[in-house]
Amino acid sequence: MTAKIQAEYGAESIQVLEGLEAVRKRPGMYIGDTTTRGLHHLAYEVVDNSIDEAIGGYCTKIYVTIHPDESISVEDNGRGIPTEPHPSNGRPTSEVVLTVLHAGGKFDNRAYKVSGGLHGVGLSVVNALSEWLVLTVWRDGIEKVQRFEYGLPVTDISEGTLSDKRGTKVHYLADKTIFDEVRHSMDTIKARLRELAFLNPGVSITIEDTRVNEKKEYCFDGGIRAFVQYLDKGKTSLINEPIIVTGEKDNISVEVGFQYNDSYQERLYAFANLIHTLEGGTHVTGLRSAMTRAINESARIQKILKEKDENLSGDDLKEGLTCVLSVKLANPQFEGQTKTKLGNSEVKGAVDSVLYEGLMTWFDDHPEPMRPIVEKAIRARQAREAAKRARELVRKGVMTGMSLPGKLADCSNRSPENTELYIVEGDSAGGSAKQGRDRNFQAVLPLRGKILNVEKARLDKMLGSNEIRIIIQALGCGIGDDFDLKKLRYHKIIIMTDADVDGSHISTLLLTFFYRHMPELISNGHLYLAQPPLYLVQKGKSKAYCYNEKQLREQVGESEGAKISIQRYKGLGEMNPSQLWETTMDPANRFLKRIDVEDDIAADEYFTILMGDKVEPRREFISSHAHEVRNLDV
């Protein structure tokens, strides 16, 4: 189904339900929180209004700009928000949309049959949470402008000037008294715009960051097929082309694309009305049910699964699956204002029905892919059962905390929120860290050599690695089906490795492990990289630690002829315990980088390229990013 916006889009299409009183007092109720996540949510809400125009075919170009003052502007070539007097109060309809909560064209399904965003509260909430907002509308050959501050109009809408443009531009500056920090991430916004471009074939979405003079345009004609192929880039596919199923049931549009590859991870991206439902929901439940049923039945029809063979489970079919699911419906019910989980019960049946029927027909016409899919699932089941036995052994060692690894130098504090674990490369550095730490709240776990590359190993093989088992035991929160974030023994996990090639490789191996098997540690802000100094500069009796080449040049340049000595630290073990504490472990002086994934798709691609089997993509990646390397020790 192609969701259509009906042509009548005037003042009478805008319904007014209530005012803006509560938004500034309780912003979290409307945008989830006032952290960086909530800040970026404002931009998404404005973009969603442009996307609503694109869904109906009235908008083909969307232009997003991050300005030097951290303001955001979103311009489209849609129909333009109506500006004629609104029947409720005689004020311009555009002003009503921006100043009255739930004033929008998304409630009676006349102006917008399907839409994303916060169902009419989007623009008014953005306005309420902004220091200022300037609205420009090009409609009926006229350009009109109006300015708002802190949610209130401070000018009347302009009389208008002649213009041959068409569309809407919203330019706003988020309120610094509302948000923790008003600083936008280009990567975070790019990730959302790329998704929207895939899900709206043919629509051009451009983002420009004028702070650093960076610009990127997204436009994909292939839709979900292109999305799946993009996600599978760098993987070895088990079937020639993505399997695409589309259909409609009970006025619910369903579109699914999936592919199987030789990796051990599942990548499932589910959307409801173009909103990325990170926590899944009823549409994902329907997908799992239909795929499991259709693949089992088709495998038996083709005699790949024999009568004595047990059915494949949904878990068996996850390994190596890359899937995009998109549903569109008139009245979505999301759990939470930020729409991370779809709750409509009727969607499960619609997705199940459309996908099951589509897959049965597809596999009947294309029997070849069934064997590699089934064989992959059977191997995954065997590995899962082996991993279950291995996890049981790990769990028994963790249950009481009595069997913590012997290498672990634990801290005396037993309050997880006040403790931290340093995962350190090598016994030498581990010895310095153990002596230099604050034993009250800092634990140290030294590792011997490089851990297993988990990108190339299933969970059962991974759990056979001694160093990985030691990490799991030390953290206490389990892994796989047993993972429980509440049992995490330390709320700061800090990777501390040498500032050389081997150290970088070890930290990348550790990051791969955490990203693939304990992503909750990253998403909840528990994982960090320590930043040890590269140089010690001594000038007479004074000394200074330098963490990068720029600091070194500054220190040397300030020497003014004084005799100086420069010591290059190639390893943590070259620092004595007091130096390691002073530079890298003392909370008052150290530099920690919190690991945060702003673009999950890009992160997945990077780990696949850097740690996967294919050499050529890795060579291309290293070549294209060589200019970004600052401290490469060879």
E217-S204 side chain donor-acceptor pair, cut-off 3.5 Å: yes

Test your reading of the model: is there a side-chain donor-acceptor pair from N77 to the backbone of I62, 3.5 Å cut-off? no

Tell me, yes or no, whether the heavy-atom count around N213 atom CG, taken from other residues, nucleotides or ligands under 6.0 Å, exceeds 12. no

Distance col, row D76:CG vs I51:CD1, nearest 0.5 angstrom, shows 9.0 Å

I'd like to know if the side chain of T210 and the backbone of I66 have a donor-acceptor N/O pair within less than 3.5 Å. yes

Using a distance-only test with no angle check, is there a side-chain donor-acceptor pair under 3.5 angstrom linking Q146 and T155? no

With a 4.0 Å cut-off, would you call R211 and E70 a salt bridge? yes

Can you sort out the partners of E346 under salt bridge (Lys or Arg N to Asp or Glu O under 4.0 Å), two or more places apart, ordered by chain and number? none

With side chains defined as the heavy atoms from C-beta onward, is the minimum distance between F363 and I295 less than 4.5 Å? yes

Solution key, residues 519-528 side-chain donor-acceptor pairs under 3.5 Å, sequence neighbours excluded:
| from | atom 1 | to | atom 2 | distance (Å) |
| --- | --- | --- | --- | --- |
| S523 | OG | P519 | O | 3.4 |
| S523 | OG | E520 | O | 3.3 |
| N524 | ND2 | E520 | O | 2.8 |
| H526 | ND1 | H491 | O | 2.8 |
| Y528 | OH | G525 | O | 3.4 |

Please report the closest heavy-atom contact between L359 and A290, naming both atoms and the distance. CD1-O, 4.5 Å

Heavy-atom pair of closest approach, residues D69 and S71: OD1-OG, 2.6 Å

So which atom in C219 and which in A197 form the shortest heavy-atom distance, rounded to 0.1 Å? N-CB, 4.4 Å

Could you tell me whether a side-chain N or O of D250 sits under 3.5 Å from a main-chain N or O of I252, the two making a donor and an acceptor? no

Please find the pair of heavy atoms, one from N261 and one from S263, that lie closest to each other, and give the distance. OD1-OG, 2.6 Å

Partners of H184 by ring-ring contact (aromatic ring centres under 6.0 Å, His included), sequence neighbours excluded? H40

Could you tell me which non-hydrogen atom of K341 sits nearest to which non-hydrogen atom of G281, and how far apart they are? CG-CA, 3.8 Å

Working note: T65 + E208, criterion side chain to side chain donor-acceptor pair (under 3.5 Å); need CA distance, chi angles, decisive distance, verdict. CA-CA 5 Å; T65 305; E208 181 175 10; 4.8 Å; no

Listed once per pair and sorted, the salt bridge (charged side-chain N to carboxylate O under 4.0 Å, His left out) pairs that draw on residues 266-280, sequence neighbours left out: D232-R267, E266-R288, R267-D604

Sidechain N-carboxylate O distance under 4.0 Å for R147, E149: yes

Which atom names give the shortest non-hydrogen contact between V597 and A603, and what distance separates them? CG1-CB, 3.9 Å

Look at atom CG of D365 and say whether more than 12 heavy atoms of other residues, nucleotides or ligands are closer to it than 6.0 Å. yes

Distance (rounded to the nearest 0.5 Å) between D600 CG and H276 NE2: 7.5 Å

Give a yes-or-no answer on whether the side chains of D180 and T36 include a donor-acceptor pair shorter than 3.5 Å. no

R192 vs D48, test: salt bridge (Lys or Arg N to Asp or Glu O under 4.0 Å). Steps then yes/no. CA-CA 11 Å; R192 174 60 179 155; D48 282 340; 3.6 Å; yes

Taking only residues two or more places apart in sequence, or in another chain, which ones meet R91 in a salt bridge (Lys or Arg N to Asp or Glu O under 4.0 Å)? E95, D156

What pairs of residues pass the salt bridge (charged side-chain N to carboxylate O under 4.0 Å, His left out) test when at least one of them lies in residues 157-173, not counting sequence neighbours? E75-K165

Answer yes or no: is there a side-chain heavy-atom contact under 4.5 Å between Y30 and H41? no

Less than 4.5 Å apart, any side-chain heavy atom of Y150 and any of E131? yes

Under 4.5 Å between any side-chain heavy atoms of L325 and T277, yes or no? no

How long is the gap from OG1 on T322 to CD on Q265, to the nearest 0.5 Å? 9.5 Å

Say whether D175 and T177, considering side chains only, have a donor N or O and an acceptor N or O under 3.5 Å apart. yes

Can you find a heavy atom in the side chain of C323 that is under 4.5 Å from one in the side chain of V256? yes

With sequence neighbours left out, what residues match Y515 under ring-ring contact (aromatic ring centres under 6.0 Å, His included)? F607

Does any pair with a residue in residues 157-176 pass ring-ring contact (aromatic ring centres under 6.0 Å, His included), and if so which ones, sequence neighbours excluded? H67-H171, W132-H171

Does A128 offer a backbone N or O that forms a donor-acceptor pair with the side chain of R24 under 3.5 Å? yes

Working for side chain to side chain donor-acceptor pair (under 3.5 Å), residues T608 and K235: CA-CA 7 Å; T608 297; K235 309 286 196 303; 2.6 Å; yes

For N49 and T168, which I'm curious about, is there any donor-acceptor pair between the side chains at under 3.5 Å? no

If only atom types and distance count, is the side chain of N200 paired as donor or acceptor with the main-chain N or O of L196 below 3.5 Å? yes

Across all chains, not counting sequence neighbours, the ring-ring contact (aromatic ring centres under 6.0 Å, His included) partners of F220 are F198

Measure the shortest side-chain to side-chain distance between P153 and T99 over non-hydrogen atoms and say whether it is less than 4.5 angstrom. yes

Side chain D33, main chain G38, donor-acceptor under 3.5 Å: yes

Give a yes or no answer on whether the side chain of D599 reaches the backbone of T188 with a donor-acceptor pair at less than 3.5 Å. no

Could you tell me whether the side chain of Q259 and the main chain of I239 form a donor-acceptor pair under 3.5 Å? yes

By salt bridge (Lys or Arg N to Asp or Glu O under 4.0 Å), K593 pairs with (sequence neighbours left out) none

Return a table of donor-acceptor pairs under 3.5 angstrom between the side chains of residues 347-355 and protein atoms on other chains or two or more places apart.
| from | atom 1 | to | atom 2 | distance (Å) |
| --- | --- | --- | --- | --- |
| D352 | OD1 | R293 | NH2 | 2.3 |
| D352 | OD2 | S289 | OG | 2.7 |
| S353 | OG | E357 | OE2 | 3.4 |

Y218 side, atom OH; E195 side, atom CD - distance, nearest 0.5 Å: 10.5 Å

Min side-chain heavy-atom separation S50-D52 under 4.5 Å: no

Please list, chain by chain and in numerical order, all residues satisfying ring-ring contact (aromatic ring centres under 6.0 Å, His included) with W362, sequence neighbours excluded. H366

Does a side-chain heavy-atom distance below 4.5 Å link T83 with I157? yes

